[in-house]
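Down below is the structure, laid out as structure tokens.
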Amino acid sequence: MDLRTSVGSLVLDNPCILASGIMDETGEGMARILRSGAAAAVSKSVGTNPNPGHANPNFIEEEGFCLNAMGLPNPGIEEYAGEMRTAAACGKVIGSVYASSPEEFADLAGRMEDYGACAVELNLSCPHAAGFGMEVGTDPLMVKRIVSAVKDAVSIPVWSKLTPNTHILKDIGKAVEDAGGDAIVAINTLRAMKIIPEFGRPFLSNRFGGLSGSAVRPVGVRAVYDLYSTVSIPIIGVGGICGYRDALEYIMAGACAVQIGTAVLSGTDIFRKVNGGLTDFMREYGYPTIGEMVGVAHE
Amino acid sequence: MDLRTSVGSLVLDNPCILASGIMDETGEGMARILRSGAAAAVSKSVGTNPNPGHANPNFIEEEGFCLNAMGLPNPGIEEYAGEMRTAAACGKVIGSVYASSPEEFADLAGRMEDYGACAVELNLSCPHAAGFGMEVGTDPLMVKRIVSAVKDAVSIPVWSKLTPNTHILKDIGKAVEDAGGDAIVAINTLRAMKIIPEFGRPFLSNRFGGLSGSAVRPVGVRAVYDLYSTVSIPIIGVGGICGYRDALEYIMAGACAVQIGTAVLSGTDIFRKVNGGLTDFMREYGYPTIGEMVGVAHE
Amino acid sequence: MNSIVTVTGKSDFGDICSLSFNWDITVGPGQFVMVWAPGMEEIPLSLSSVGDVKSVTFRIVGRDTEALRKKGIGDSLSIRGPYGNGYRTDGSRRVLVVGGGIGIAPILPLMADGFDTALAARNAGELDFALPAIGKAAGKTWISTDDGSRGFCGNAVQLVQEILKEQEYDEILACGPEVMLFFLHKFCVDNGMKCQMSLERHMKCGAGLCGSCMIDDKRVCADGPVFTCDEISGMKDFGHSKRDPCGTRVLFR
Amino acid sequence: MNSIVTVTGKSDFGDICSLSFNWDITVGPGQFVMVWAPGMEEIPLSLSSVGDVKSVTFRIVGRDTEALRKKGIGDSLSIRGPYGNGYRTDGSRRVLVVGGGIGIAPILPLMADGFDTALAARNAGELDFALPAIGKAAGKTWISTDDGSRGFCGNAVQLVQEILKEQEYDEILACGPEVMLFFLHKFCVDNGMKCQMSLERHMKCGAGLCGSCMIDDKRVCADGPVFTCDEISGMKDFGHSKRDPCGTRVLFR
Ligand SMILES: Cc1cc2nc3c(=O)[nH]c(=O)nc-3n(C[C@H](O)[C@H](O)[C@H](O)COP(=O)(O)OP(=O)(O)OC[C@H]3O[C@@H](n4cnc5c(N)ncnc54)[C@H](O)[C@@H]3O)c2cc1C
Ligand SMILES: Cc1cc2nc3c(=O)[nH]c(=O)nc-3n(C[C@H](O)[C@H](O)[C@H](O)COP(=O)(O)OP(=O)(O)OC[C@H]3O[C@@H](n4cnc5c(N)ncnc54)[C@H](O)[C@@H]3O)c2cc1C
Ligand SMILES: Cc1cc2nc3c(=O)[nH]c(=O)nc-3n(C[C@H](O)[C@H](O)[C@H](O)COP(=O)(O)O)c2cc1C
Ligand SMILES: Cc1cc2nc3c(=O)[nH]c(=O)nc-3n(C[C@H](O)[C@H](O)[C@H](O)COP(=O)(O)O)c2cc1C
Ligand code: FES
Ligand code: FES
């Protein structure tokens, strides 16, 4: 069984990538995940300036899902250089960036390339950061301009991470493809809220947050399925993957690789476990490569 | 403690309503739920002609959520007269209708009024019926035309049930309000999919379905919170309510009543249980009426 | 939650087929599952054995049962459930189990539990699938066929009348065509016997949500499929009408 | 999942406050919770008692601890957790527990378990909150203050050196300011003693996801907060630098 897969020109040892925002604020955090069996790690989404993110409370886990509103905390692109270099020395790192204009995106992406990123991931999808994320990522024209600007600025592959909080996901996917984007990552979290009745107010300091974990998997699989039927660039699936069968849902829906976030709660060995499960499954069901499984659910 | 609440001019004995599509294909099913403590029941969404819905499999329950693609099965508005009359004899019934044009919506709504419905609920949100539901309900202009046409045709309150599968929920809510809609119901299910790896294909015959149950509650609460800050007509909250604290999340987000669907899986006594829990909570936390709790999480 | 199980055994008896599989879930006699594989619609089937190895036994009556019969050892099936309440037996009553036609399949687990059993079918061939179970039965068994080609000549109700001449029972547990159950229920009511009967209606969710399987205000999938004598007595639809997949009421012939 | 608990007890000792509440969850000594109520930011606090009644004991150092101290009996708190690994004690080693300053709070459950304990503080007043626990301690207790106002005059490391003159131990379990732990760790390494130490970093999720609490490649919230002597020996950041809420590295003074 061969777990290797490729996202366009980028070849990965296995399909499992660390999702952005998970243990990746520091270079050593990413390095550890790379040692734990992930084929690559996506960095924390980094902006131009240092950002402490939203105040606590900004995270809660419930049965079946997590809600977070970290608010994109990061030390700023300048300071992040060291973290990227530490991580990139240990394996493949994808630099995630957020910005509010095409120029700023292009600038940040260029820095990530300089720092040794093997690809850049554009955060067009965070649901709880005013002026960023899905606020720029639900306008197909804006998305097109951002992707074009970044494509002009870097020579590494450009991935666009999209939001499921829209009825025009296919249009946005098309915009990415039209602008020359190299891959689409889907999904980011669902815009959500938790209220504490005893206090009569929202739990998260930011009120709104993003839903992740098992609960969003059926939405993510659907999004990947929808995109696969619309674009021909590679798709990376993410959202609620907790085991190999979840990863297979995404792969069969059309993803050539997957990202794992919330399931790191169950341990950093999740990457090894998923890869082990995939190997056994492929042996039992006669799939020689990951590629043979990509998109089969469309047949 | 007084559990009474009102949705505009409609006064309800308690805030718990049966959601559309649950045990309401028949009049006797709705009658049973009304006897089980629900203040009102929403009928199955009914269209002009008989519709067997999508083929089996069209439902699956997992931990924390259900996925369904019933495909709006119903005997057609003509045949449904008997069911409505049976149910309306036992209590308040809201007639849910689906259609693809303003005229058809108006026609169906008129029939529901004739049958004794105390309000009509426009299904602008089903995520798995081609040409209906969210396909008409994500275009604010179309929504406005539909609501206007129905308002002209009936004298009972007109509720619009909206989809969370969009980034323009507030615009749609505004369109409903502008057209004179009497209330907004949020949310319908999230468009979603489940793939069976061993078979390499989607489980649901329709491939796409709708996600319901606990998993969608944080999305529903957020939607109600967003709408409450946008419109001033009443809002009815629905999505993943399994207990009184879940109902309180919706009420405090801005809902004056709630609907319960998937939690009927746990028993038809869910309505009584939620009402009991609400009474105890209101006593302990000093809320004399439901109305005092509506929207408090915005303060 | 569905389970993907692998078929480990298969037997064919004319137009009746039985598939067995390992499925590590506790199931009671009378409970059912929703069975699916690509290429067919998902259908409800009762479990015809409920030990470590489970099985379903079905008559080929249409497209989906035809598709299911094509499955062989090693093939995968999607199984949702178990759903429904099953028969309640507490040992305090003398019980006679009655199965008619393919309705014999769901009562095979009761037979395996040692209850006395009456089996009725149109002809001898239609009973073949039950012969292995009859061979192993610890309780008494009686057989009737409409054409007399095996056992007593007559229908299920007539067979029960015969049995009650020689033996006393407090309760009847039954499964079979609704017309048989209708007359058996009437017989029980007339003779002051308790009964539990497994009913059928068109099923979609199987779990008690969609409301497509209603008889009056009861969901066959979740409140049943096994109902008591009293519950059935109150059902206006019983023996009278059912719902098609649109929810339209259809009268029995 | 957070729990909403009701404060059932409160004590104030100068700038140290203790709140107790009923919370029906199993917690081990050294584990912590994220505590919140409207009007404050959520903060990590170790449990200072882990029996049927739980408590947190905290020094007022800023806005959120100030807000928390305003809570009284009957008020509600949101509690997330318990998080972290806690101290591992298996009875096979002779253990000395060492607490410094507010770092005494997390080791009170160990004291309640009967372990011998050394408590160090700046002055007598800062030890007041521990007196009830010292009164009830089954194991030996030693005290030191920087100014000699109570017990031995000196810091925690000096106190430990004194204790080891009269008594043998295999392992030290400690909590306190990082500078104290730094020298205590060095002492353990130099003297071939095992140790476990509870560390602190800025926490957001508390659950091991967000990565804001990293020391080297370890998450203090999920891989710690209690680390072994060997783990700490490998930490370049220990006693040297921490991360601010942006993730920027900040050197200790
Ligand atoms: C609780 C329950 C348990 C059952 N157990 C058994 C069993 O153990 N063995 C067995 O042979 N049969 C059993 N049946 C009946 C079985 O489900 C049908 O024979 C089967 O669905 C026929 O499908 P088909 O496509 O082959 O035939 P079709 O040509 O589709 O239909 C033939 C007839 O089967 C019935 N049917 C079809 N689809 C459904 C459905 N979704 N739900 C209910 N009935 C349906 C209808 O009466 C229909 O007229 C059970 C039914 C129920 C409700
Ligand atoms: C695992 C753990 C257990 C702890 N247990 C206790 C305890 O039992 N008793 C006790 O008094 N204190 C404990 N603390 C420290 C406590 O969390 C801080 O004192 C508190 O957060 C200060 O908040 P503030 O707003 O009052 O002060 P601020 O003015 O906000 O900050 C004062 C200092 O507190 C620390 N701090 C602030 N916010 C955080 C945060 N989110 N995470 C970590 N540190 C923070 C920083 O060092 C900061 O410089 C613990 C910390 C951790 C990480
Ligand atoms: C704590 C946390 C922080 C996150 N931060 C980011 C981020 O900075 N950038 C981003 O693109 N996605 C971020 N995400 C979203 C994840 O990368 C992922 O898309 C989402 O959580 C769904 O996957 P999962 O269910 O496997 O977690 C974050 C998610 C969580 C839970
Ligand atoms: C089996 C099933 C059938 C449904 N049918 C309808 C329908 O006909 N019309 C409609 O507006 N919503 C329908 N819904 C959506 C529910 O009314 C409700 O909006 C949704 O399930 C979320 O609420 P819940 O989590 O309480 O179930 C259906 C949901 C389920 C699970
Ligand atoms: S089949 Fe859905 S309620 Fe019975
Ligand atoms: S606080 Fe988030 S990983 Fe430790």
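Source: prediction; values computed, not measured. The chains referred to below are lettered A, B, ... by the order of the sequence lines, with proteins before strands, and numbering in each begins at 1.
- The aromatic rings of Phe132(A) and Tyr98(A) stand perpendicular to each other, their planes meeting at an angle above 60°, with 30° marking the opposite boundary.
- Neither the backbone nor the side chain of Glu284(B) comes within contact range of chain A; no heavy atom of the residue lies under 4.5 Å from a heavy atom of that chain.
- For the options Tyr225(A), Phe199(A), Phe65(A), Phe208(A), heavy-atom pairs under 4.5 Å to chain B are most numerous at Tyr225(A).
- When each of Asp139(A), Ile172(A), Leu162(A) is paired with Leu124(A), the side-chain contact (heavy atoms from CB on, under 4.5 Å) condition holds for Leu162(A) and for no other.
- Ranked by non-hydrogen atom pairs under 4.5 Å with chain A, the options Arg201(B), Arg191(B), Met252(B), Lys194(B) are led by Arg191(B).
- Options Arg207(B), Arg217(B), Glu63(B) differ in how many heavy-atom pairs under 4.5 Å they form with chain A, and the most are formed by Arg207(B).
- Ranked by non-hydrogen atom pairs under 4.5 Å with chain A, the options Leu248(B), Val216(B), Thr138(B) are led by Thr138(B).
- Contact count against chain A (heavy-atom pairs under 4.5 Å) is highest for Pro218(B) among Ala223(B), Gly64(B), Ala215(B), Pro218(B).
- Interface remark: Phe281(B) contributes side-chain atoms only to the contact with chain A (heavy atom separation under 4.5 Å).
- Between Asn206(B) and Asn58(B) the shortest side-chain heavy-atom distance does not fall below 4.5 Å.
- Put simply, the side chain of Asn165(A) gets close to the backbone of Thr189(A): a donor and an acceptor are under 3.5 Å apart.
- With chain A as the partner, the residue from Thr163(B), Thr166(B), Leu67(B) showing the most heavy-atom pairs under 4.5 Å is Thr166(B).
- With no hydrogens or angles considered, a side-chain donor-acceptor pair links Ser212(A) and Thr262(A) at under 3.5 Å.
- Between Pro15(B) and Leu3(B), the closest heavy-atom pair is CD-O, 3.5 Å.
- Per-residue counts of heavy-atom pairs under 4.5 Å with chain B were compared for Leu211(A), Leu169(A), Asp226(A), Asp246(A); the largest is that of Asp226(A).
- Ranked by non-hydrogen atom pairs under 4.5 Å with chain B, the options Val224(A), Val219(A), Val296(A), Ile251(A) are led by Val219(A).
- Chain A forms the most heavy-atom pairs under 4.5 Å with one residue out of Tyr244(B), Tyr285(B), Tyr250(B), and that residue is Tyr285(B).
- The shortest distance between side-chain heavy atoms of Leu190(B) and Leu190(A) falls below 4.5 Å.
- Interface remark: Met293(B) contributes no atoms to any contact with chain A (heavy atom separation under 4.5 Å).
- A salt bridge links Arg283(A) with Asp280(A); the closest basic N to acidic carboxylate O contact falls under 4.0 Å.
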